[in-house]
Asker: 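Shown below is the structure under consideration.
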Amino acid sequence: LYTRQVADNLLREREIRYRVITEASTDIIVIVNRHLIITYISPSLNIIMGIKPEIITGQSILDVIHRDDVDEAKRILQECIEFPQLQTRMDEFRVQHAEGHWVHMEAVMTSLVNDPIIDGTIISCRDLTHRLIAEEGRRIVERERERALVLRRFIGDISHDCRTPLYTNSTAAYLLKHSEQKNIDNRVEMIKQQVARLGNLIENLNTITKLDEMSDIRMERLDINSI
């Protein structure tokens, strides 16, 4: 009887310590049983997701996960049931916030199905929102950097293409001024051709500018052999 009482006290102390740790954690700690029913969820759920733990305690964990992520979550949790002491992770899944939007999360899952206190799988969930925002910010900066590089190269090419007709016109105008009457028509035609070339370049620039302002461009495959 004494031995049993000592064992019960140890179990009770262990459970108290565990609850203190989980309730102080900034991650969301969830325990699900062998039937994937939520038996415990830490108070941090209310802070991160705006949902009181008692609202979803007793529900299936699969009911709170985005339907597109359910199959992967079910597969991983079934492995935890089949292999006690297994520790695995789910890199990304979505859970709906109380306000309706979906929050991206990652989770570490530890199987303690043979533990008399836990009797299930511990899921430690972490909000990925800030990390995803930072990653998106880095992608935007990288895209803008690449865009600026392309723009610099483009401006360099256009500057070269514009200088050519300008120099040609300048030369043709000088020659026109000093040409004999019979060569004037040729010089004038040369100037007209270069002016037309410069006009085409400007029109192409305007077209590119308009395309850059369009946000609903649709990309389609084109068979160049049919052109």
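This chain uses plain numbering: 1 for the first residue, then up along the sequence.
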Asker: Do R94 and D68 come close enough that some side-chain heavy atom pair is under 4.5 Å?
Answerer: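 Yes, their side chains come closer than 4.5 Å.
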Asker: With no hydrogens and no angle check, is any side-chain donor or acceptor of S44 less than 3.5 Å from a backbone partner on D27?
Answerer: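 Between the backbone of D27 and the side chain of S44 there is a qualifying donor-acceptor contact (under 3.5 Å).
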Asker: Report yes if the side chains of I28 and M105 come closer than 4.5 Å at any heavy-atom pair, otherwise no.
Answerer: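 In contact.
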Asker: Taking the side chain as C-beta and beyond, is there a heavy-atom pair between I31 and I123 under 4.5 Å?
Answerer: no
Asker: Return a table of donor-acceptor pairs under 3.5 angstrom between the side chains of residues 51-62 and protein atoms on other chains or two or more places apart.
Answerer:
from : atom 1 : to  : atom 2 : distance (Å)
T57  : OG1    : P53 : O      : 2.7
Q59  : NE2    : I55 : O      : 3.1
S60  : OG     : L62 : N      : 3.2

Asker: If I take atom CD1 from residue I65 and atom CD from residue E72, how far apart are they, to the nearest 0.5 angstrom?
Answerer: 10.5 Å
Asker: Using side-chain heavy atoms (C-beta onward) and a distance below 4.5 Å, is R131 in contact with E106?
Answerer: yes
Asker: M90 versus M109: any side-chain heavy-atom pair under 4.5 Å?
Answerer: yes
Asker: At what distance, to the nearest 0.5 angstrom, does NE2 of H104 lie from NE2 of H66?
Answerer: 8.5 Å
Asker: Let's go through R34 and T121 carefully: what are the C-alpha distance in whole Å and the side-chain angles of both, what is the deciding distance for side-chain contact (heavy atoms from CB on, under 4.5 Å) to 0.1 Å, and is it a yes or a no?
Answerer: CA-CA 8 Å; R34 296 173 184 267; T121 299; over 6 Å; no
Asker: Between E79 and R75 (salt bridge meaning N to carboxylate O under 4.0 Å), is one present in this structure?
Answerer: yes
Asker: Report yes if some heavy atom in the side chain of I41 is under 4.5 Å from a heavy atom in the side chain of I29; otherwise report no.
Answerer: no
Asker: Could you pull out all residues at least two apart from D91 that satisfy side chain to side chain donor-acceptor pair (under 3.5 Å)?
Answerer: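 R89.
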Asker: State which residues pass side-chain contact (heavy atoms from CB on, under 4.5 Å) with N33; sequence neighbours excluded, sorted by chain then number.
Answerer: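 For N33 the side-chain contact (heavy atoms from CB on, under 4.5 Å) partners, ignoring immediate neighbours, are H35, I37, T39.
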Asker: Does any non-hydrogen side-chain atom of Q87 lie less than 4.5 Å from one of V108?
Answerer: yes
Asker: Where do H97 and W102 land on the ring-ring contact (aromatic ring centres under 6.0 Å, His included) test, with the steps shown first?
Answerer: CA-CA 6 Å; H97 193 276; W102 292 93; over 10 Å; no
Asker: Is it true that E142 and R139 make a salt bridge, defined as a side-chain N closer than 4.0 Å to a carboxylate O?
Answerer: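 Salt bridge absent between E142 and R139.
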Asker: Below 4.5 Å, heavy atoms only, C-beta onward: do V32 and L77 meet side chain to side chain?
Answerer: yes
Asker: Treating S111 as the side-chain partner and C80 as the backbone partner, does any N or O pair qualify as donor plus acceptor under 3.5 Å?
Answerer: yes
